[in-house]
Amino acid sequence: ELKVEQNPLFLSMQEGKNYTIYCNYSTTSDRLYWYRQDPGKSLESLFVLLSNGAVKQEGRLMASLDTKARLSTLHITAAVHDLSATYFCAVASYNNNDMRFGAGTRLTVKP
Amino acid sequence: SQTIHQWPATLVQPVGSPLSLECTVEGTSNPNLYWYRQAAGRGLQLLFYSVGIGQISSEVPQNLSASRPQDRQFILSSKKLLLSDSGFYLCAWRGAGDQPQHFGDGTRLSIL
């Protein structure tokens with residue numbers, strides 16, 4: 001069974017600081033997705049990582065994938081308040097039909 | 001462009017009442033469709049997914065059921081709601097290949 005673990009689950013940061021969120025998964029997969037969810041809202045797609053060593057960047061967020069370690073990271077650079085949200089990673093199953101989500105990391109950026 | 005519609009946005013139902021939530025997708029054909037439930041402050045629990053009309057995969061045994069009567073329509077139902085069915089229900093679609101899922105706005109369901 002595909003399992004996805006994220007840590008930390010809660011993250012409180014000062015503005016301007018850097019931090020990394022980790023996503024580990026249990027079985028072979030080379031399709032890893034990151035999403036953002038604002039309070040009370042739905043999820044929006046941030047990054048799609050499809051191969052070992054893939055790196056994607058958008059603004060202050062950078063995501064990477066190591067399929068051999070079954071690990072993805074979401075790195076936050078010089079955090080700003082607008083980044084406060086819950087971030088989820090998700091992994092596609094071997095048949096590419098179902099998707100399993102991590103528990104989410106609730107990020108709060110404080111001034 | 002593709003869009004996903006999910007309704008209603010909020011719903012308050014008494015225990016033991018039936019449920020029907022509907023989700024439709026426009027602008028794409030033969031999408032994979034998904035129903036998730038999110039408890040307050042928690043992650044997403046995959047309930048059902050469908051790869052085609054009439055094809056439903058159930059992930060969690062419970063008193064919910066799903067149907068896909070048309071290619072771009074996905075319905076979540078229950079005959080008798082339980083208190084534990086409260087939560088935020090999200091419908092999502094995904095196209096062929098390696099695209100990410102696209103989520104509807106969700107239905108916030110409260111059971112009294």
Side-chain angles (χ1 to χ4, degrees), chain A residues 1-11 21 23-25 29-52 54 56 58 63 65 67 72 85-108, chain B residues 1-10 21 23 25 30-52 55-61 66 68 74 87-110:
Chain A
E1 181 187 351
L2 176 57
K3 294 184 178 180
V4 183
E5 292 187 355
Q6 268 181 257
N7 69 85
L9 299 182
F10 298 92
L11 178 56
I21 299 170
C23 175
N24 291 91
Y25 53 96
S29 177
D30 55 4
R31 300 177 182 89
L32 193 293
Y33 304 82
W34 283 96
Y35 295 84
R36 169 180 170 146
Q37 185 180 34
D38 291 306
K41 303 294 185 181
S42 187
L43 279 74
E44 63 174 302
S45 175
L46 291 175
F47 299 111
V48 179
L49 303 168
L50 300 176
S51 61
N52 187 41
K56 295 283 183 72
E58 179 75 31
L65 177 61
T67 58
S72 179
T86 299
Y87 294 85
F88 291 95
C89 64
V91 180
S93 66
Y94 73 95
N95 62 9
N96 203 28
N97 286 330
D98 74 64
M99 300 271 270
R100 302 290 166 159
F101 280 74
T105 297
R106 187 180 299 179
L107 171 66
T108 303
Chain B
S1 63
Q2 303 92 353
T3 56
I4 179 169
H5 302 279
Q6 192 181 339
W7 67 92
T10 58
L21 302 180
C23 173
V25 181
N30 196 31
N32 282 7
L33 297 172
Y34 305 82
W35 278 112
Y36 290 90
R37 178 170 61 201
Q38 185 178 32
R42 306 292 294 275
L44 275 71
Q45 179 187 32
L46 178 63
L47 301 176
F48 302 95
Y49 72 91
S50 171
V51 300
Q55 301 179 59
I56 307 295
S57 295
S58 174
E59 293 298 310
V60 182
R68 185 172 177 173
F74 205 24
F88 189 44
Y89 288 81
L90 288 158
C91 179
W93 74 272
R94 185 169 179 237
D98 302 315
Q99 296 180 37
Q101 290 175 311
H102 303 277
F103 286 83
D105 289 336
T107 295
R108 197 162 303 279
L109 175 64
S110 299

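Worth saying up front: this structure is predicted, and the values here are computed from it rather than measured.
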Rounding to 0.5 Å, atoms CG (A:Leu2) and CG (B:Leu46) come to a distance of 10.5 Å
Does CG in B:Asn30 sit with more than 12 non-hydrogen atoms of other residues, nucleotides or ligands closer than 6.0 Å? yes
Sub-3.5 Å donor-acceptor pair from the side chain of A:Tyr35 to the main-chain atoms of B:Pro100, do we have one?
-> no
Minimal heavy-atom distance between B:Asp105 and A:Ser42, with the atoms involved, is CA-CB, 4.0 Å
Item to complete: Assess whether atom CZ of A:Arg106 is packed by more than 12 heavy atoms of other residues, nucleotides or ligands within 6.0 Å.
Response: no
* Asked: Just wondering, are more than 12 heavy atoms of other shown residues or ligands nearer than 6.0 Å to CD in B:Gln2?
  -> yes
Applying a strict 4.5 Å limit to non-hydrogen atoms, the region of B:Gln45 in contact with chain A is neither
Worksheet item: Do the non-hydrogen side-chain atoms of A:Lys41 and B:Phe88 ever get within less than 4.5 Å of each other?
Response: no
Heavy-atom check, side chain of B:Gln99 versus side chain of A:Arg31, under 4.5 Å
no
Rounded to the nearest 0.5 angstrom, the CG-NE2 distance for A:Leu43 and B:His102 is 12.5 Å
Is B:Tyr36 close to A:Met99 at the side-chain level, that is, under 4.5 Å between some pair of heavy atoms?
-> yes
Rounding to 0.5 Å, atoms CG (B:Leu44) and OG1 (A:Thr86) come to a distance of 10.5 Å
Bottom line for A:Gln37: the part with an atom under 4.5 Å from chain B's heavy atoms is side chain
When the 4.5 angstrom heavy-atom criterion is applied to A:Ala92 and chain B, the contacting part is side chain
Under 4.5 Å to a heavy atom of chain A? For B:Asn32 that would be side chain
Distance col, row A:Arg100:CZ vs B:Glu59:CD, nearest 0.5 angstrom, shows 4.0 Å
One should read off an interatomic distance between A:Phe88 CZ and B:Gln38 CD, to the nearest 0.5 angstrom, of 5.0 Å
